[in-house]
**Student:** 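Next up is a structure, given as C-alpha cells.
Predicted, not measured: the structure shown is a model, and the values here were computed from it.
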Amino acid sequence: MEKLSRTLALNFWREVEKIDPGINSLRLDVDVAAAWKDRIRSKTSRVRTPDGSSIEVSSPRMGARQEMLLVRAFYLDIAQWAAHDPSRWGPWAAPCPISDSEVNMRKESSHRKARMHQRTRERLPVLPTLVSSVAEYRKSSERLLSAAQEATPGTTFWFDGEEFLVPPGNRIDTRVVELNTGFRRNLTHEEHCAFWTWAVVEILRHTGIRNEELLELSHHSITQYRLPTTGELVPLLQIAPSKTDEERMLLVTPELADVLSAVVSRVRRTSGAVPVIPCYDHLEKVWNSPMPLLLQRKFGGENRPLTRQTISNMLDAALERAGIVGVTGEPIKYRPHDFRRMFVTEAVMNGLPPHIAQVICGHKNINTTMGYKAIYPAEAIEAHRAFIARRRALRPSEEYRTPTPEEWDQFLGHFEKRKLSIGTCGRAFGTPCIHEHACIRCSMLRPDPAQRQRLLDIRDNLIDRIAEAEREGWLGEVEGLRVSLSAAKDKIAQLDQSATNRSANVDLGMPSFAQVAGRQSTTVGPDSASPGAAQ
C-alpha cells in the first residue's frame, strides 16, 4: 500500500500537475502523457562531490515499467468500477495513457534477473574476505575493551601501537580518548556493534533466511529433534511465518550452533533467562507480542531489538573497514537479501538438489529458487569438457597418441605446400587435390589480393587461347578453356568484393598488451594440433 500510494500520488499525479498545472481530470493529453513517461523513466538524486558540495544527478529508473504498470492498473480499475457503479466512478473513467506494450514485464524480468545474478557474482567471491574481517574486528574490539576496563581511570594504556587515555569518572559505558587524534571513542558501543555485525553475517550466510525472519528469531526458535532410528538429538532452527505465512525448520550446522550459542550467552541475564521484549513489524505495521528475541542489545539502559536500519548500517561499516571494492573500484554494498541469494547459489553449486534448497528457503515455486541461483560460466566450461571427454572415449585411441617426428614434419609440410602463385590452398590435411592441381578452377583456392594482376593476365591469356582454339578448330580444348575462364572471372570478382567490404568496414585498431593482459587463454590441444585431428 505504501508503494502504491507513493507511485500514484508522488510519482504520477504530482509530476502530472507539474507538467500541466490546474489539471482536474484523469484524461491526459498526448503531450502530457508523453512528458510524464519521459520523467518516470529517469530519476534525480543528489550526490556529494569530493569537495563537499552536492549536485543533482539524473540516472535511469530501473523500475519505470513497474511504476507505469501500477498507473495502468489504476486506470483499468476505475474503468471496471465505472461499469458496476456508473454514478460514482463514471465521471472519473478515462482512456489509459499507457499501452499494453509499454508495460511488458517479460523483458524487464529478464533484465532484473541478469542484474541480480551479476550482483551475486560480484559478492560471492569476496564473501570470505568480509567474514574474516568481521571476525577479526570482533576479536580486536573485545581485546581493546578488556584493556580499557583493566586500566585505571585517568591513566593511559597502549594497544596495537596506539596510546589511549581513560578519562576519570564512573560511567556505564567504557570511553577512551585517542591521544594521537584526540578522538573520543565509546568502546562498549564499538564492541556491541562488532559482535552483532559478526553474528548477523554468520547467521545470514549459514541459513539464507530473510531479513524479517532474522529479526524475529527468538530463544524459542532453537529446538531439537530426536532421530527415530538412532536416537540422536539434532538441533533445529524454527523460522517463524513471514512472507509465505508458513513456518519451516532448518538444520543447525556446527558453525551456526557456535554462533547461536554466543548470541544466547550474550543476551541471557544472570538468571539464565533471555529478556522478553516487544518489537515492531515494519511490514505488517503492528507491534508483536513480547518475545525472547535473540537480536537485542542494551540501549539507553533498556533492551531493544535490532532494526532493519541498524543491520544495514552495520554491514556498510563492516564493508568500509574491509575495503571491499568491485571491479570498477567502487565500494560494494551488501544487503541482507544478498546473503540469501549467495546461500542458494553456493548450496546448489555444491550439489544440494534444487527442490531441497526450495524447502530450506521457503519458496512456493522452484523457479524462484532457481532464479536466485547465479549460473557461473564455469558450469558451462565443465559441462563442455565432460562432453569432449565422452566424445573422445568413442573415437579410436590411436588418434590421441603422441605424433612421431616424421608425422609432425609431414603435418608441418602440409602447410608449406598450401602456398601457390596466386593465393593459398585451403584443403584439409591428408586430403588430395581434387582438381589435379588445376587451381584456378578449385573452390578451395583463396586468391591473394596482391596477385590480382596475375589473375588478370591469366584471364586475358585464356581469352586469347579460346580465340586461337576456335580459329584453329580445336573444339576439344574450347570447352575446358571456357571453364577455366569462368573460374578466373569468379576469383577476380571475389577479390573485388573483398576489397569493397574492407573499404566499408571501420578499423577498430589493434589492442595493446595492456588492454588484453590478465585475460585467460586456452592452449591448443591435441584436437587441433595433431595430424589425426579433423581440420
**Student:** Closest approach of Leu70 and Leu8, non-hydrogen atoms and distance?
**Tutor:** O-CD2, 4.2 Å
**Student:** Does this structure show an ion pair linking Glu190 with Arg185, if we count only N-O contacts that are shorter than 4.0 Å?
**Tutor:** yes
**Student:** Take Thr44 and Val57 through the side chain to side chain contact (heavy atoms under 4.5 Å, CB included) test and state the conclusion after the steps.
**Tutor:** CA-CA 6 Å; Thr44 303; Val57 178; over 6 Å; no
**Student:** Would you find a donor on one side and an acceptor on the other, under 3.5 Å apart, between the side chain of Tyr75 and the backbone of Pro97?
**Tutor:**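 No: the side chain of Tyr75 does not pair with the backbone of Pro97.
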**Student:** Do Val263 and Leu217 have side-chain heavy atoms sitting under 4.5 Å apart?
**Tutor:** no
**Student:** Within this structure, what is the CG-NZ distance for the pair Asp338 and Lys333, rounded to the nearest 0.5 Å?
**Tutor:** 12.0 Å
**Student:** Which heavy atom of Met291 sits nearest a heavy atom of Cys279, and at what distance?
**Tutor:**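 Reported closest heavy-atom pair: CE-SG, 4.3 Å.
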**Student:** Could you grab the distance from atom CZ of Arg341 to atom SG of Cys361, nearest 0.5 Å is fine?
**Tutor:**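 If I round to the nearest 0.5 Å, the distance is 10.5 Å.
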**Student:** Quick one: does Arg205's side chain have a donor or acceptor within less than 3.5 Å of a partner on Met342's backbone?
**Tutor:** no
**Student:** Would the number of heavy atoms belonging to other residues, nucleotides or ligands and lying under 6.0 Å from CZ of Arg184 be above 12?
**Tutor:** no
**Student:** Once rounded to the nearest 0.5 Å, what's the spacing between atom CD1 of Ile222 and atom CG of Leu260?
**Tutor:** 4.5 Å
**Student:** What do the steps show when you test Leu306 against Trp196 for side chain to side chain contact (heavy atoms under 4.5 Å, CB included), and what is the final call?
**Tutor:** CA-CA 9 Å; Leu306 269 67; Trp196 288 115; 4.1 Å; yes
**Student:** Would a 4.5 Å heavy-atom cut-off, applied to side chains only, mark Trp36 and Leu28 as touching?
**Tutor:**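 Heavy-atom side-chain distance check fails, nothing below 4.5 Å.
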**Student:** So, does Ser132 use its side chain to make a donor-acceptor pair with the main chain of Pro128 at under 3.5 Å?
**Tutor:**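 Yes; judged by distance alone, with no hydrogens or angles, the pair exists.
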**Student:** For the side chain of Arg210 and the backbone of His337, is there at least one donor-acceptor N/O pair under 3.5 Å apart?
**Tutor:**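 Checked: no pair found.
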**Student:** Is the count of non-hydrogen atoms from other residues, nucleotides or ligands lying under 6.0 Å from His282 atom NE2 greater than 12?
**Tutor:**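 Counting other residues, nucleotides and ligands, NE2 of His282 exceeds 12 neighbours.
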**Student:** Can a donor-acceptor pair be found, under 3.5 Å and without considering hydrogens, that links the side chain of Glu255 to the backbone of His206?
**Tutor:**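 Looks like no, no N/O pair under 3.5 Å.
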**Student:** Has Ser221 got a side-chain atom pairing as donor or acceptor with Ser218's backbone, closer than 3.5 angstrom?
**Tutor:**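 Present.
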**Student:** Looking only at heavy atoms, what is the nearest atom pair of Gly161 and Trp158, with distance?
**Tutor:** O-CZ3, 3.7 Å
**Student:** Any donor and acceptor pair, going by atom type alone, linking the side chain of Arg340 with main-chain N or O of Gly208 inside 3.5 Å?
**Tutor:** yes
**Student:** Check the pair Phe157, Leu144 against side chain to side chain contact (heavy atoms under 4.5 Å, CB included), reporting the backbone distance first and the verdict last.
**Tutor:** CA-CA 10 Å; Phe157 68 96; Leu144 178 57; 4.0 Å; yes
**Student:** Salt bridge or not between Glu67 and Lys3? Use side-chain N to carboxylate O under 4.0 Å.
**Tutor:** yes
**Student:** State, yes or no, whether a side-chain contact exists between Pro354 and Thr369 at a heavy-atom distance under 4.5 Å.
**Tutor:**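 Pro354 does not reach Thr369 side chain to side chain.
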**Student:** Quick check on salt bridge (Lys or Arg N to Asp or Glu O under 4.0 Å): which of Arg297, Arg266, Lys298 does Glu191 satisfy it with?
**Tutor:** Arg266
**Student:** So, for Leu315 and Val201, which heavy atoms are closest and what is the spacing to 0.1 Å?
**Tutor:** CD2-CG2, 3.8 Å
**Student:** Kindly give the heavy-atom pair with the smallest separation between Lys373 and His117, and that separation in Å.
**Tutor:** O-NE2, 3.1 Å
**Student:** Can you check whether Leu352 reaches Val344 side chain to side chain, under 4.5 Å on heavy atoms?
**Tutor:**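 Counting from C-beta outward, Leu352 and Val344 never come under 4.5 Å.
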**Student:** If I take atom NE2 from residue His363 and atom CD1 from residue Ile366, how far apart are they, to the nearest 0.5 angstrom?
**Tutor:**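 Taking NE2 in His363 and CD1 in Ile366, the distance rounds to 11.0 Å.
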**Student:** Pairing donors with acceptors under 3.5 angstrom, does anything connect the side chains of His189 and Arg175?
**Tutor:** no
**Student:** Within the 4.5 Å heavy-atom criterion, are Val359 and Arg248 side-chain neighbours or not?
**Tutor:**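 No, side chains not in contact.
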**Student:** Assess the residue pair Leu215 and Ile311 against the criterion (side chain to side chain contact (heavy atoms under 4.5 Å, CB included)); give the C-alpha distance rounded to whole Å, side-chain angles, the decisive distance to 0.1 Å, and a yes or no.
**Tutor:** CA-CA 10 Å; Leu215 296 176; Ile311 292 178; 3.4 Å; yes
**Student:** If the threshold is 4.0 Å, N to carboxylate O, is there a salt bridge linking Arg335 and Asp316?
**Tutor:**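 A salt bridge links Arg335 with Asp316.
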**Student:** Can you name the closest pair of heavy atoms from Ile332 and Leu319 and give their distance?
**Tutor:** O-CD1, 3.1 Å
**Student:** Once you round to the nearest 0.5 Å, how far does CG of Asn211 lie from CZ of Phe339?
**Tutor:** 10.5 Å
**Student:** Are the side chains of Thr207 and Ile239 in touch, meaning some heavy atoms are under 4.5 Å apart?
**Tutor:** no
**Student:** Hey, is the main chain of Asp31 close enough, under 3.5 Å, to the side chain of Asp29 for a donor-acceptor pair?
**Tutor:**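 Pair absent, no side-chain N/O of Asp29 close to backbone of Asp31.
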**Student:** Would you say Met68 and Ile40 make side-chain contact, with heavy atoms under 4.5 Å?
**Tutor:** yes
**Student:** Check whether NZ of the Lys or CZ of the Arg Arg138 lies under 6.0 Å from the centre of the six-membered ring of Phe195 and within 45 degrees of that ring's axis.
**Tutor:**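 The answer is no, since Arg138 fails at least one limit relative to Phe195.
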**Student:** Would you find a donor on one side and an acceptor on the other, under 3.5 Å apart, between the side chain of Trp198 and the backbone of Glu136?
**Tutor:** no
**Student:** Show your reasoning for whether salt bridge (Lys or Arg N to Asp or Glu O under 4.0 Å) applies to Glu102 and Lys37.
**Tutor:** CA-CA 10 Å; Glu102 291 177 312; Lys37 293 175 187 176; 3.0 Å; yes
**Student:** Can you confirm whether more than 12 heavy atoms, excluding those of Glu302, are under 6.0 Å from its CD atom?
**Tutor:** yes
**Student:** Measuring from Leu124:CG to Thr345:OG1, what's the distance to the nearest 0.5 Å?
**Tutor:** 6.5 Å
**Student:** So, Asn313 versus Gln309: side-chain donor-acceptor pair below 3.5 Å or not?
**Tutor:** yes
**Student:** Tell me if a side-chain donor or acceptor on Gln296 pairs with a main-chain N or O of Leu293 at a distance below 3.5 Å.
**Tutor:** yes
**Student:** Just wondering, do Leu127 and Tyr334 contact through their side chains at under 4.5 Å, heavy atoms?
**Tutor:**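 In contact.
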